[in-house]
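Only a predicted model underlies this, so the values are computations on that prediction, with no experimental measurement involved.
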Amino acid sequence: MNKFLKGFFSMRMMALGLIVFLFAIAVATFLESIYNIQTAKLIIYNAIWFELLLVYLTISLIVNIFRYQMWKREKIAMFMFHISFIVILIGAGITRYVGFEGIMRLPEPDSQTGVLRPVDFIYSADPRLKVFIENKYIEETLYLSEQVKTNFKVDFNFPEKGKNIRVELINFQSKHIDSLIVNDTISDYVLDIVTGGKKSNYIAKNEFMMIGNYPLSFEKKDAMPGGIDIFNKDGKMMIRSGIEMKYLPMAQMQKIRQSGMDVPDSMFVTIPADTLVPFNTTTLYYIGEESFVFKEVINHARVMRVPSGRKDVGEDFVTLK
């Protein structure tokens, strides 16, 4: 046993451990550059084998200090080298298990008074998932990567109601964008709703989008209260709003604007709340301060979420069950 321990904690094995450590850090750097920091943490930094490697290196350094009596004057340089590594590794362990990382944004002093507004919070560097169900709450650090499957499962128990609710991670998609796919083999169709004057939004059956703070849904099974619902009734598009809405055909609006006049409110047709009316194309609809236009129906089309292919384009999507 002594022979095994002597060989296991020898300078040669420690050098091999350092080589593995340096190689792992190099791989983690490439993973972070190609994918993101979360992928590097899942595969390298937060992996159990990497933690065991650092523990082994720390013990080996301590063992070799005593084995070679490095505290002696003639070996003081080697002693300081080993001690420095031990301090670094212990600090890394404390940071890993006790500390946390974040960003604190410090505002500039007030230009008039020179007073610096105090800041008492930071933005966590780790991604956090918060789940609220009635009066129960959970918050977990959750690293997500498309390259590594993450298991996340949490149960909420409501004994007073005899119910249990489980929240489970199904899928994670990084840097994806919604893309319109048009193909004759696709039997579905989507609506092209223009917002912001020029931005096309494609919405399919049983889906919804936001018009400002108002949800607009297309034949959604569980329609949202107070929102806008669109239906296909006998081949004709119909619309109903939970609050009052008004509209004006774009042709009339352009004719008035060409004359140099502002469009009077009297030109708009008001639709009372919860009234089902035809949903016409090339017509400007107003709900509150928000406006949108039904441009067209796109047949043989489907909206699919596809990778953008770039690190700085697209959004991250988490699917929970």
Indicate every side-chain donor-acceptor pair of residues 301-309 with a distance under 3.5 Å to a residue at least two apart or in another chain.
from   : atom 1 : to     : atom 2 : distance (Å)
Arg305 : NH1    : Gln173 : OE1    : 3.3
Ser308 : OG     : Lys175 : O      : 3.1
Ser308 : OG     : Arg310 : N      : 3.3
Ser308 : OG     : Arg310 : O      : 3.1
Ser308 : OG     : Val313 : O      : 2.6

Take atom [atom1] of [X] as the centre, draw a 6.0 Å sphere, and report whether it contains more than 12 heavy atoms from other residues, nucleotides or ligands.
X: Met78; atom1: CE; result: no
X: Lys233; atom1: NZ; result: no
X: Lys246; atom1: NZ; result: yes
X: Phe30; atom1: CZ; result: no
X: Glu315; atom1: CD; result: no

Kindly compute the distance separating [atom1] ([X]) from [atom2] ([Y]), expressed to the nearest 0.5 Å.
X: Ile37; Y: Glu32; atom1: CD1; atom2: CD; answer: 3.5 Å
X: Ser241; Y: Ile230; atom1: OG; atom2: CD1; answer: 10.5 Å
X: Ile133; Y: Asn157; atom1: CD1; atom2: CG; answer: 10.5 Å
X: Ile211; Y: Ile193; atom1: CD1; atom2: CD1; answer: 7.0 Å
X: Asn183; Y: Asp188; atom1: CG; atom2: CG; answer: 12.0 Å

Phe279 ring center within less than 6.0 Å of Tyr285 ring center: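 Judged by ring-centre distance (under 6.0 Å), Tyr285 and Phe279 do meet the cut-off.
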
Ring centroid separation for Phe268 and Tyr286, is it under 6.0 angstrom?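 Close enough - the centres of the two rings lie under 6.0 Å apart.
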
Any salt bridge (charged side-chain N to carboxylate O under 4.0 Å, His left out) pairs touching residues 271-289, not counting sequence neighbours?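 Checked against salt bridge (charged side-chain N to carboxylate O under 4.0 Å, His left out) - neighbours excluded - no pair reaches residues 271-289.
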
Can you list every pair that meets salt bridge (charged side-chain N to carboxylate O under 4.0 Å, His left out) and has a residue in residues 54-82, with sequence neighbours left out?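 Every candidate salt bridge (charged side-chain N to carboxylate O under 4.0 Å, His left out) pair involving residues 54-82 fails, so no pair, neighbours aside, qualifies.
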
Suppose we screen for side chain to side chain donor-acceptor pair (under 3.5 Å). Which residues come up paired with Tyr189, at least two apart in sequence or across chains?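 With sequence neighbours excluded, Tyr189 shows a side chain to side chain donor-acceptor pair (under 3.5 Å) to Asn232, given in chain and number order.
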
Donor-acceptor pairs under 3.5 angstrom involving side-chain atoms of residues 52-65: please list them, not counting sequence neighbours.
from  : atom 1 : to    : atom 2 : distance (Å)
Tyr56 : OH     : Phe8  : O      : 2.5
Thr58 : OG1    : Leu54 : O      : 2.8
Ser60 : OG     : Tyr56 : O      : 2.9
Asn64 : ND2    : Phe9  : O      : 3.1
Asn64 : ND2    : Ser60 : O      : 2.7

I'd like to check [X] versus [Y] (side-chain heavy atoms, cut-off strictly below 4.5 Å). Are they in contact?
X: Phe158; Y: Glu134; answer: yes
X: Phe50; Y: Tyr45; answer: yes
X: Tyr202; Y: Leu191; answer: no
X: Phe292; Y: Ile228; answer: yes
X: Phe156; Y: Ile138; answer: yes
X: Leu142; Y: Pro127; answer: no
X: Leu31; Y: Ile43; answer: yes
X: Met237; Y: Val297; answer: yes

Only counting residues at least two apart or in another chain, list the ones meeting side-chain contact (heavy atoms from CB on, under 4.5 Å) with [X].
X: Met80; value: Ile76
X: Ala204; value: Val190, Glu207
X: Pro272; value: Thr275

Which side-chain N or O atoms in residues 162-172 pair as donor and acceptor under 3.5 Å with protein atoms at least two apart or in another chain?
from   : atom 1 : to     : atom 2 : distance (Å)
Arg166 : NE     : Asp155 : OD1    : 2.8
Arg166 : NH2    : Asp155 : OD2    : 3.2

Show, in sequence, the C-alpha distance, side-chain angles and deciding distance for Phe152 and Leu129, and conclude whether the side-chain contact (heavy atoms from CB on, under 4.5 Å) test is met. CA-CA 10 Å; Phe152 175 81; Leu129 178 66; 3.5 Å; yes

Taking only residues at least two apart or on different chains, which pairs with a member in residues 140-150 satisfy side-chain hydrogen bond (donor to acceptor under 3.5 Å, both in side chains)?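 The answer is Thr39-Ser145, Asp126-Tyr143, Arg128-Thr141, Ser145-Gln147.
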
Can you tell me if [X] uses its side chain to pair, donor with acceptor, with the backbone of [Y] under 3.5 Å?
X: Glu219; Y: Lys205; answer: no
X: Lys311; Y: Ser33; answer: yes
X: Asn36; Y: Gln38; answer: yes
X: His300; Y: Ile186; answer: yes

Identify each donor-acceptor pair in which a side-chain atom of residues 91-107 lies under 3.5 Å from a protein atom, sequence neighbours left out, and give them as a table.
from  : atom 1 : to    : atom 2 : distance (Å)
Thr95 : OG1    : Gly91 : O      : 2.9
Arg96 : NE     : Glu51 : OE2    : 3.2
Arg96 : NH2    : Glu51 : OE2    : 2.9
Tyr97 : OH     : Glu51 : OE1    : 2.6
Tyr97 : OH     : Glu51 : OE2    : 3.3

[X] and [Y]: same hydrophobic cluster, using ILVMFWY side-chain contacts below 4.5 Å?
X: Ile239; Y: Phe231; result: no
X: Val131; Y: Tyr137; result: no
X: Met210; Y: Ile177; result: no
X: Tyr123; Y: Leu144; result: no

Between Ile243 and Met245, is the side-chain contact (heavy atoms from CB on, under 4.5 Å) condition met? List the steps. CA-CA 6 Å; Ile243 64 173; Met245 190 168 60; over 6 Å; no

What's the shortest heavy-atom distance between [X] and [Y], and which atoms?
X: Thr283; Y: Leu248; answer: CG2-O, 3.7 Å
X: Ala28; Y: Ala40; answer: O-CB, 3.6 Å
X: Ala273; Y: Gly242; answer: CB-O, 3.5 Å

Derivation and outcome, ring pair (Phe, Tyr, Trp, His ring centres under 6.0 Å), residues Phe66 and Tyr68: CA-CA 6 Å; Phe66 285 96; Tyr68 296 101; over 10 Å; no

For residues 75-94, which residue pairs qualify under ring pair (Phe, Tyr, Trp, His ring centres under 6.0 Å), counting only residues two or more places apart or in two chains?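 Listed once each, the pairs are Phe81-Phe85.
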
Going through the distances and angles, do Ile88 and Ile86 end up as a side-chain contact (heavy atoms from CB on, under 4.5 Å)? CA-CA 5 Å; Ile88 291 171; Ile86 291 170; over 6 Å; no

Under a 4.0 Å threshold between the charged nitrogen and the carboxylate oxygen, would Arg117 count as salt-bridged to Glu108?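 Here Glu108 does not pair with Arg117 in a salt bridge, since their nearest N and O are not under 4.0 Å apart.
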
